[in-house]
Protein chains: 2
Amino acid sequence: MKAKITLKKIAKGFDVSISTVSKALKDSHEISEEVKERIQAFAKYYHYKPNSLALNLRNQKTKTIGVIIPQIVHHFFSKVISGIEHIANEKGYNVMICLSNESYEKEVLNMDMLASGVVDGIIVSVAKQTEEKGDYTHFKELINNGIPLVLFDRKIDEIQCNKVLVDDFGGGYIAAQHLIDIGCKKIAILTTPNHVTVGNIRLEGYIKALTDNNMLVDESLIVKVIEDHDIADQIKEIFRKSNCPDGIFAVNEIYAATAVKIAKNKGLNVPNDIAIMGFTDGLISQFSSPQLTTVAQHGFTMGEKSMEILLEELNQQDTDYQYQTNIISTDIVIRESTKKTN
Amino acid sequence: MKAKITLKKIAKGFDVSISTVSKALKDSHEISEEVKERIQAFAKYYHYKPNSLALNLRNQKTKTIGVIIPQIVHHFFSKVISGIEHIANEKGYNVMICLSNESYEKEVLNMDMLASGVVDGIIVSVAKQTEEKGDYTHFKELINNGIPLVLFDRKIDEIQCNKVLVDDFGGGYIAAQHLIDIGCKKIAILTTPNHVTVGNIRLEGYIKALTDNNMLVDESLIVKVIEDHDIADQIKEIFRKSNCPDGIFAVNEIYAATAVKIAKNKGLNVPNDIAIMGFTDGLISQFSSPQLTTVAQHGFTMGEKSMEILLEELNQQDTDYQYQTNIISTDIVIRESTKKTN
DNA sequence: AAAAATCACGAAAACGATTTCGTGTTAATA
DNA sequence: TATTAACACGAAATCGTTTTCGTGATTTTT
């Protein structure tokens, strides 16, 4: 393990002071051309790099932002990260990604770590367990400490900060409306338990679309999938009912793809016997067969927007800075799984 | 923006020295119980957290490791990250993830950033562009600077360091052998251009399996897909040939799923007319129809192993430390796309 | 009562870099 | 020749923390 090269060592080598070396490397006019050249050449040869820790400590900023996401094996979050990275790199910021694995405890741990001076600001999508627990003190502490925070994807009214959200309500609405438009009469929804905000809001959009079309909301067609249990088993339930649906709106790709698989196993034709669509335009939707109609939620744009807002907050000086909530609209991507051919 | 609380400020408040505060917070026996209690209570109330930058600077270590991956929207890399995180968290390390987007320039940038003192060690999967360029000076510099490095997934013989690799040769071999076993006579391979090492090695495994079984290697059945062009167009070529294959081994999920789609469009039955299999057991393989037989490369295990080796190197004192290359074996996951029913 | 030990705390160095403010030497000006 | 710039560099503070080494003031021991 070779010792890293520092200003001090260069100074000793040239028998000058540390300040001289520092200035020489910054090409200061205070230093003679001859000394500058020699020092610069030496530094270049040995690949001298100023120590970031020292710089950050002195400048009281790190040019790094932290991101805490619940999962990484997930198309949407990957896209958001890409969007964040895109803007961050443009503006010369580094990105530190942490995973909470949907766990409250890991979220708190990650946040503590990030808040201890290693980043200038933080972007978070709240873990499901935190939503369930409803304990947001770690966020409030962060804000109290004056560290800019942007929340994305999951809507938490209890925290006052900048937010970037998906238009889950609108997404749920256009999904249901699409199924209605193609002639579905009995539309089921595969959603998440109540504490998962995004699923809940999509459900609300679905309900609104149904009532706007004078359709009854049948509780038996609303399936709240619990992730601890076998997902397929829970989805199968809906096919057993005497009132088997002719359309299914799933609030994510996995549920949608699973529903398709079950339907096909039951001998049903998708989309002719039953139309099925999902949420999130990921790889599963694109590659499953039939290809899935879905609501695209533009993760990349969300990441970009989150980073832009964070930068805004980082650069603002106003005492009366106003937090904003940005809603990213959704689009429907129509594919085979809802294109009836008869 | 509230000012952060520091030892200095606490010291001023209590009219004691900084050292006293520091010791009081560490419950040192040098400080009287009374003073300790008061300072500790104050610190707790105001959520005092030692500044990481200062600590890292003093301790000359950050308890953070950096990871540079080419892509994040990719099941395999996501899995690797999860594995790295798993071990890192167990050992009290933080993980900083950077994306190179397969770009040489971004890889160098990220590495420079990480090498400037912010991490204790680095785990990298080399960008395709770097492989193509063949310029590994930034890696050599890193090693020269004494920063532990672990390379994973992509095999770079030019760099001397710890490595964790997929058994791509074995994977290619068992894939081809499997197709042979189920009776395929003309087996095509969809692989990557020569400079992408993993694709290349999988191709070698495929060739070895064929020759071991006394089968001819038909150059016209080896398709090297160029990612700049339309992937589907290039894959379609193989179906046009007079000698259309009865088995396809694709070196990744996307190629495999695309091949399946094309085959189905041509009216071919998968697997009966043509068996198709991929590499990487990701979501596409699991959810496409028919479900894809594939070679699982255990990304999670690779991540864990990479982190373990990095920790080993971080903790070693030996002057004659020996680098190791760890090969993670692959498994074949047989699904519908190669299960002939006739 | 003198010597030694303990107590409770402060001063200062160290990590690595930047930057302000000197300061001694030479060169230009009056 | 005396004064003033200009030049080329060094000392020291600063960022926040830990830690070693003092050092006065008690307290204990002889």
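Values below: all heavy atoms of this structure, side chains included; hydrogens, waters and symmetry mates excluded. So that the names make sense, note that chain A is the first sequence line, chain B the second, and so on, each numbered from 1.
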task: Carefully, step by step, assess B/V118 and B/T64 under the rule side-chain contact (heavy atoms from CB on, under 4.5 Å).
output: CA-CA 7 Å; B/V118 293; B/T64 300; over 6 Å; no
message: Is the ring pair A/F76/A/F152 parallel, tilted or perpendicular, if the boundaries are 30 and 60 degrees?
response: tilted
- request: Over 60° means perpendicular and under 30° means parallel, so classify the ring planes of A/Y321 and A/Y323, tilted if in between.
  value: perpendicular
- request: Side-chain contact test, heavy atoms from C-beta onward, threshold under 4.5 Å: evaluate it for A/S116 versus B/N51 and give yes or no.
  value: no
Write down the distance between [atom1] ([X]) and [atom2] ([N]), rounded to a whole number of angstrom.
{"X": "A/N59", "N": "C/dG16", "atom1": "CG", "atom2": "C1'", "answer": "12 Å"}
{"X": "A/L53", "N": "C/dG16", "atom1": "CG", "atom2": "P", "answer": "10 Å"}
{"X": "B/R58", "N": "C/dC15", "atom1": "CZ", "atom2": "C1'", "answer": "7 Å"}
{"X": "A/I10", "N": "C/dT18", "atom1": "CD1", "atom2": "P", "answer": "11 Å"}
{"X": "B/N56", "N": "D/dT18", "atom1": "CG", "atom2": "P", "answer": "12 Å"}
{"X": "B/L57", "N": "C/dA13", "atom1": "CG", "atom2": "P", "answer": "17 Å"}
{"X": "A/K61", "N": "D/dG16", "atom1": "NZ", "atom2": "P", "answer": "15 Å"}
{"X": "A/K8", "N": "C/dT18", "atom1": "NZ", "atom2": "P", "answer": "15 Å"}

Considering every strand and a 4.0 Å limit on heavy-atom distances, what is the contact class for [X]: base, sugar-phosphate, or nothing?
{"X": "A/K49", "result": "sugar-phosphate"}
{"X": "A/L7", "result": "base"}
{"X": "A/Y48", "result": "sugar-phosphate"}

message: Which residues in residues 18-35 of chain A have a heavy atom closer than 4.0 Å to any atom of DNA chain D?
response: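 Residues of residues 18-35 of chain A under 4.0 Å from DNA chain D: A/S19, A/T20, A/K23, A/E30, A/I31, A/S32, A/V35.
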- request: Respond yes when some side-chain nitrogen or oxygen of B/Q60 is under 4.0 Å from OP1 or OP2 of C/dA14, and no when none is.
  value: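 B/Q60 to C/dA14 OP1/OP2: no side-chain N or O under 4.0 Å.
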query: If you measure from the Lys or Arg side-chain nitrogens to the Asp or Glu carboxylate oxygens, is any gap between B/K36 and B/E33 under 4.0 Å?
result: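 Yes.
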- prompt: Less than 4.0 Å between a side-chain N and a carboxylate O, is that true for B/E102 and B/R154?
  reply: yes
Residue pair A/H86 / A/E304, side-chain donor-acceptor N/O under 3.5 Å: yes
message: Closest-nucleotide mapping onto DNA chain C: is A/L55 or B/V16 further toward the 5' terminus? I mean the 5' end.
response: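 Counting from the 5' end, the first nearest nucleotide belongs to B/V16.
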